[in-house]
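Heads up, the thing below is written out as structure tokens.
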Amino acid sequence: MDPLAELVKIDPKSIGVGQYQHDVDQSKLKASLDTVTESCVNKVGVNLNTASVYLLSYVSGIGSALAKNIIDYRSENGGFRSRKELLKVPRLGSKAFEQCAGFLRITDANNPLDNSAVHPESYFIAEKIAKDNGIDVKEIIGNSKLLDSIDPYKYVDGDAGLPTITDIISELKKPGRDPRQAAKIFEFDPNVKNIDDLVIGMELPGIITNITNFGAFVDLGLKQDGLIHVSKLSKKYVSDPTEIVKLYEHVRVRIIEIDKERKRINLEKI
């Protein structure tokens, strides 16, 4: 239901995506991976009333100690009704609030903007947009037709530049925690259950699970991933496989070699 909440419980290195991860400075690798995880958490946003201490600790400005204080406050006082209530959490001061508030969501908040990526410091802009159109803030959220007709330059001033106004309008169109577009429907071949079902020349759908300098690994719905050697990714020569495929891309492949003893499946991209 909420995969990001589970993903943050795992050491990023344990996911095992990427080549030579054990050959680099481990402290730098951890710092870099933690930064990526943090940026992902902040982009998606976190439900303040359901998030675990693991998830909260990745939110900008919070960390593990404040995350525990938020959980303790929530346990003692019930769910948060507004972002401003965060200031009642022990040791969470105005500076930490300024950093974290925009990434925390409250689904049933008193103010509907508390369930968006709009920062409390910018609420006045959303409220002004609503007032100028003679409607309540609740009515402007998700109203793409109205928001598309708004001239962002009208709200640019010393407090907010054009990029900020554009981001606010974009967030008001689709508020909440999920920035993803509609997912493409994907199904593995239902006739392929194990390596014995494979035949040379067979064409199958697959998902790119890992990319190395010698090729790309493809999930075919079996225990073993197949490999597309770099020379079989494209008719033209490429030195970098990422020029042709991306991680988790849906592809169609053809089986060119099967080694059942060593559990190896060689493929070519169609």
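These figures come from a predicted structure and were not determined experimentally.
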Close side-chain approach of V218 and V251, heavy atoms under 4.5 Å: yes

Could you verify whether a donor N or O on one side chain and an acceptor N or O on the other, from Y248 and D219, lie under 3.5 Å apart? no

Going by side-chain hydrogen bond (donor to acceptor under 3.5 Å, both in side chains), name the residues that satisfy it together with H229, two or more places apart in sequence or in a different chain. S231

Under a 4.5 Å side-chain heavy-atom rule over Ile, Leu, Val, Met, Phe, Trp and Tyr, are I256 and L222 clustered together? no

Listed pairs under 3.5 Å, donor-acceptor, residues 194-207 side chains, sequence neighbours left out:
unit_1: N194; atom_1: OD1; unit_2: D196; atom_2: N; d: 2.9
unit_1: D197; atom_1: OD2; unit_2: K193; atom_2: N; d: 2.8
unit_1: D197; atom_1: OD2; unit_2: N194; atom_2: N; d: 3.2
unit_1: E203; atom_1: OE2; unit_2: R254; atom_2: NH2; d: 3.1

Please check this pair: side chain of N49 against backbone of G79, looking for a donor-acceptor N/O pair closer than 3.5 Å. no

Can you see which heavy atom on L66 is nearest to which on R91, and at what distance? CD2-O, 3.4 Å

Residues forming a side-chain contact (heavy atoms from CB on, under 4.5 Å) with T164, sequence neighbours excluded: S122, A160, I168

Charged N to carboxylate O below 4.0 Å: is that the case for K9 and E6? yes

Is the backbone N or O of K246 less than 3.5 Å from a side-chain atom of E249, with the two atoms forming a donor-acceptor pair by type? yes

Interatomic spacing from OG in S82 to CG in N110 - rounded to 0.5 Å: 6.5 Å

Work out which heavy atom in P152 is nearest to a heavy atom in I169; give both atom names and the distance. CB-CD1, 4.1 Å

Under 3.5 Å donor-acceptor, S116 side chain and L113 backbone: yes

Strictly by modelled atom types, are D225 and T209 linked by a side-chain donor-acceptor pair under 3.5 Å? yes

Checking K28 side chain against V24 main chain: does a donor-acceptor pair fall under 3.5 Å? no

Ring centers of Y153, Y155 separated by less than 6.0 Å: no

Main-chain N/O of E98 paired with H119 side-chain donor or acceptor, under 3.5 Å: yes

Other than F217, what residues sit in its cluster of Ile, Leu, Val, Met, Phe, Trp and Tyr side chains whose heavy atoms are under 4.5 Å apart, directly or through others? F214, L227

Would you call D259-K263 a salt bridge at under 4.0 Å N-O? no

Partner residues of K68 under the side-chain hydrogen bond (donor to acceptor under 3.5 Å, both in side chains) criterion, sequence neighbours left out: D72

Strictly distance-based, threshold 3.5 Å: is any side-chain N or O of N69 a donor or acceptor partner for the main-chain N or O of P90? yes

Audit row: V118, I125, side chain to side chain contact (heavy atoms under 4.5 Å, CB included) steps and yes/no: CA-CA 10 Å; V118 180; I125 297 171; over 6 Å; no

Applying side-chain hydrogen bond (donor to acceptor under 3.5 Å, both in side chains), can you list everything that pairs with D167, at least two apart in sequence or on another chain? none

Taking the side chain as every heavy atom from C-beta outward, state whether I62 and L104 have any pair of such atoms under 4.5 Å apart. yes

Identify the heavy atoms of I129 and I140 that sit nearest to each other, and give their distance. CG2-CD1, 3.1 Å

How close do F97 and P120 get, heavy atom to heavy atom, and via which atoms? CZ-CG, 4.0 Å

Mind checking the NZ-CD1 spacing from K260 to I265? Nearest 0.5 Å is all I need. 10.5 Å

Determine whether L55 and T50 satisfy the following criterion, side chain to side chain contact (heavy atoms under 4.5 Å, CB included), listing intermediate values before the conclusion. CA-CA 10 Å; L55 194 53; T50 61; over 6 Å; no

In terms of heavy-atom contacts, does CZ of R264 have more than 12 from other residues, nucleotides or ligands at under 6.0 Å? no

N/O donor-acceptor pairs under 3.5 Å from side chains in residues 35-42, not counting sequence neighbours:
unit_1: T35; atom_1: OG1; unit_2: A31; atom_2: O; d: 2.8
unit_1: T37; atom_1: OG1; unit_2: L33; atom_2: O; d: 3.0
unit_1: S39; atom_1: OG; unit_2: T35; atom_2: O; d: 3.4
unit_1: S39; atom_1: OG; unit_2: V36; atom_2: O; d: 2.7
unit_1: N42; atom_1: OD1; unit_2: S60; atom_2: N; d: 3.2
unit_1: N42; atom_1: ND2; unit_2: E38; atom_2: O; d: 3.2

Students should find that the hydrophobic cluster of I185, defined by side-chain heavy atoms under 4.5 Å apart, otherwise consists of none

How close do I71 and A51 get, heavy atom to heavy atom, and via which atoms? CD1-O, 3.4 Å

Mind checking ring pair (Phe, Tyr, Trp, His ring centres under 6.0 Å) for F124 and listing every partner two or more places apart, or none if nothing turns up? none

Enumerate the residue pairs fulfilling side-chain hydrogen bond (donor to acceptor under 3.5 Å, both in side chains) with a member in residues 133-152, sequence neighbours excluded, ordered by first and then second residue. D148-K173

For R105 versus A117, what's the shortest heavy-atom pair and its separation? NH2-CB, 3.6 Å

Does a side-chain N-to-carboxylate-O contact under 4.0 Å join D108 and R81? yes

Quick one: pull up CG in L48 and OG1 in T107 and give me the separation to the nearest 0.5 Å. 10.0 Å

For residues 32-80, the ring pair (Phe, Tyr, Trp, His ring centres under 6.0 Å) pairs (sequence neighbours left out) are Y73-F80

Flag the pair I255 / N266 as yes when at least one side-chain heavy-atom distance between them is below 4.5 Å, and no otherwise. no

Counterpart residues, side-chain hydrogen bond (donor to acceptor under 3.5 Å, both in side chains), relative to E127 (two or more places apart): none

